Engineer: 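This is the structure I have questions about; it appears just below.
For clarity, every value in this text was computed on a predicted model and none was experimentally measured.
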Amino acid sequence: MKYVAEYRDAGLARAVARRIAARCTRPWTVMEICGGQTHTILRYGLDQLLPPSLSLVHGPGCPVCVTPVDTLDAAMALARRPGVILTTFGDMLRVPGSRGNLYGARAEGGDVRVVASPLEAVALARRRPDRNVVFLAVGFETTAPATALAVLRARELGLDNFFLLVGHVLVPPAIRLLLSSPANRVQGFIAPGHVCTVAGYRDYERLAEDFGVPFVVGGFEPLDLMQALAMLVELLEEGRAEVRNEYRRSARRDGNRRAKELVAEVFEVCDRRWRGIGAIPRSGLRLRPRWEKFDAARRFEVDPGDAAEEAECRSAEVLQGLRRPTECPAFGTRCTPEHPLGAPMVSGEGACAAYYRYRAGGA
């Protein structure tokens, strides 16, 4: 399989691991930011190839995991309204809010539907002018352009029954918060390749300069990650706080100009709450005033009530690299994919789900 198999060569991965081991002269702690990268690491056992002196922790780059409880509660409240069709990606249906999840809302009679893209939600609104269609829009810089395109398409079609419940977030402000914490122990980062493909990596250059830590933009195949780790160890050993790009077949320093223009036309930066972490300044996107007619929160004046997070869940510490999933007392016992306490156990990009599936004997 051209362009895939060559990135999964076990012999080459072991050779890179030996190169990393030979270069490590002291203990290092590094973080892969993206949940997709976490799953590759666990699925292929890459962490077990590394020297004991190189410790991996996992970052906040799972869009489902960081969507705040109050956003989910608002989505469930909308789904229960007569005349509303709530649409979103499939991963969101099992994520616990403070009073159940979207599957539960559907079981109670709410009209909750899974779509593959926000444009599919626009098409549904066009077919059903008798109903109000709300798209729960979550994700990082990668999914925001498609949401922006959906708004433009809805305007082009003249739809007055399509709305967004916006939960988009931005990665660099979260990393800045993490690096500003006295508890931080991360010394280098693998930056998310798909986010950098859209947004570029200039923001990571500013983080490297401000905090004196190196970043390597990494892809998602096993050899992408092993090579990114080798580059990161090289920078750490040389004491260089720079940004390197391992994912050059996709990511560029300035990202995708057209995608960024779409986002800038429809959205503006705002403060945003992250699940378990709290409010992070300028870490979210909201509709610009001229697009407010598409804002479901304004249109329906949603009041989800008090949103409470599960006290026993330690996912906030996992998302900040302060603890691994298996270091949570509830992991695999009181928290499983069938009965999750938090989003990282049910999300397809969640770190807890990756450990449960590949290390704890899960399916």
Side-chain angles (χ1 to χ4, degrees), residues 62-139 143 146-147 150-151 153-154 157 159-168 273 275 286-287 292-311 313 315 334-350 353:
C62 164
V64 172
C65 304
V66 301
T67 300
V69 170
D70 54 0
T71 300
L72 279 161
D73 288 354
M76 285 185 277
L78 281 169
R80 294 185 179 106
R81 286 206 178 193
V84 170
I85 301 173
L86 191 288
T87 62
T88 190
F89 300 127
D91 267 10
M92 296 303 299
L93 268 62
R94 296 187 60 225
V95 179
S98 60
R99 291 174 292 278
N101 58 30
L102 285 168
Y103 269 127
R106 183 157 72 181
E108 294 166 6
D111 196 343
V112 180
R113 305 189 191 185
V114 173
V115 293
S117 76
L119 285 175
E120 190 176 327
V122 172
L124 177 61
R126 189 181 191 187
R127 292 196 306 273
R128 295 298 306 269
D130 58 318
R131 305 282 296 278
N132 291 313
V133 176
V134 177
F135 177 66
L136 171 56
V138 301
T143 53
T147 308
V151 171
R153 178 62 174 158
L157 293 172
L159 298 180
D160 58 7
N161 65 329
F162 174 75
F163 305 93
L164 297 176
L165 184 59
V166 181
H168 284 301
R273 286 185 58 79
R275 186 177 185 129
R286 66 185 175 199
L287 289 163
E292 283 179 350
K293 64 172 286 190
F294 295 102
D295 188 341
R298 285 180 176 271
R299 169 65 176 78
F300 299 102
E301 297 181 347
V302 182
D303 180 12
D306 295 331
E309 297 188 11
E310 169 58 56
C313 181
S315 60
R334 294 181 301 284
C335 182
T336 65
E338 291 75 25
H339 302 285
L341 294 178
M345 187 54 93
V346 293
S347 168
E349 295 187 42

Engineer: For a side chain to side chain contact (heavy atoms under 4.5 Å, CB included) check, start with the C-alpha distance between Arg275 and Leu72, then their side-chain angles and the critical distance, and finish with the verdict.
Structural biologist: CA-CA 10 Å; Arg275 186 177 185 129; Leu72 279 161; 3.4 Å; yes
Engineer: Restricting to non-hydrogen atoms, name the atom on Gly348 and the atom on Asp91 that form the minimum distance, rounded to 0.1 Å.
Structural biologist: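 Closest approach of Gly348 to Asp91, heavy atoms only: N-OD2, 3.2 Å.
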Engineer: With distance as the sole test, does Thr143 use its side chain to make a donor-acceptor pair with the main-chain N or O of Val138 at under 3.5 Å?
Structural biologist: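 At least one qualifying donor-acceptor pair exists.
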Engineer: Could you check Val95 against Thr67 for side chain to side chain contact (heavy atoms under 4.5 Å, CB included), going step by step and ending with a plain yes or no?
Structural biologist: CA-CA 9 Å; Val95 179; Thr67 300; over 6 Å; no
Engineer: Once you round to the nearest 0.5 Å, how far does CZ of Phe162 lie from CZ of Arg126?
Structural biologist: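 Separation between the atoms: 13.5 Å.
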Engineer: In a check of salt bridge (Lys or Arg N to Asp or Glu O under 4.0 Å) between Asp111 and each of Arg131, Arg80, Arg128, which one passes?
Structural biologist: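 The option that passes is Arg131.
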Engineer: Tell me if the CD atom of Glu301 is crowded by more than 12 foreign heavy atoms within 6.0 Å.
Structural biologist: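 Atom CD in Glu301 is not crowded, with 12 or fewer foreign heavy atoms closer than 6.0 Å.
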Engineer: If I take atom CD from residue Glu338 and atom CZ from residue Arg94, how far apart are they, to the nearest 0.5 angstrom?
Structural biologist: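 Between atom CD of Glu338 and atom CZ of Arg94 there are 7.0 Å.
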Engineer: Return the OG1 to CG distance between Thr336 and Leu341, rounded to the nearest 0.5 Å.
Structural biologist: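 These two atoms lie 8.5 Å from each other.
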Engineer: With distance as the sole test, does Thr88 use its side chain to make a donor-acceptor pair with the main-chain N or O of Leu136 at under 3.5 Å?
Structural biologist: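 Answer holds: yes.
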Engineer: Output, in order, the C-alpha distance, side-chain angles, deciding distance and verdict of side chain to side chain contact (heavy atoms under 4.5 Å, CB included) for Leu102 and Met76.
Structural biologist: CA-CA 6 Å; Leu102 285 168; Met76 285 185 277; 3.6 Å; yes
Engineer: Distance from Arg299 atom CZ to Glu292 atom CD, nearest 0.5 Å?
Structural biologist: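 It is 14.0 Å, given to the nearest 0.5 Å.
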Engineer: If the test is side chain to side chain contact (heavy atoms under 4.5 Å, CB included), which one of Val134, Ile85, Asn132, Asp130 qualifies with Asn161?
Structural biologist: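 That would be Asn132; it is the only one of Val134, Ile85, Asn132, Asp130 passing the side chain to side chain contact (heavy atoms under 4.5 Å, CB included) with Asn161.
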Engineer: Determine the minimum heavy-atom distance between Cys62 and Gly350, stating which atoms define it.
Structural biologist: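 Nearest heavy atoms, Cys62 then Gly350: SG-N, 4.0 Å.
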Engineer: Between Arg286 and Val166, which heavy-atom pair has the shortest distance, and what is it?
Structural biologist: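 Nearest heavy atoms, Arg286 then Val166: CA-CG1, 4.5 Å.
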Engineer: Quick one: pull up CG in Leu165 and CZ in Phe294 and give me the separation to the nearest 0.5 Å.
Structural biologist: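 Taking CG in Leu165 and CZ in Phe294, the distance rounds to 15.5 Å.
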Engineer: For the pair Phe300 and Val84, evaluate side chain to side chain contact (heavy atoms under 4.5 Å, CB included) and give the outcome as yes or no after the intermediate values.
Structural biologist: CA-CA 10 Å; Phe300 299 102; Val84 170; 4.2 Å; yes
Engineer: Taking all non-hydrogen atoms of both residues, which atom of Cys65 and which atom of Ala343 are closest, and how far apart?
Structural biologist: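 Looking at all heavy atoms of both residues, the closest pair is CA-CB, 3.6 Å.
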Engineer: Please report the shortest heavy-atom distance between Ala353 and Ser347, naming the atom on each side.
Structural biologist: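 Closest approach of Ala353 to Ser347: CB-O, 3.5 Å.
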Engineer: Closest approach of Glu349 and Pro63, non-hydrogen atoms and distance?
Structural biologist: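 Scanning both residues, the minimum pair turns out to be OE1-CD, 3.8 Å.
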Engineer: To the nearest 0.5 Å, what is the distance between CE on Met92 and OG1 on Thr87?
Structural biologist: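 Between atom CE of Met92 and atom OG1 of Thr87 there are 12.0 Å.
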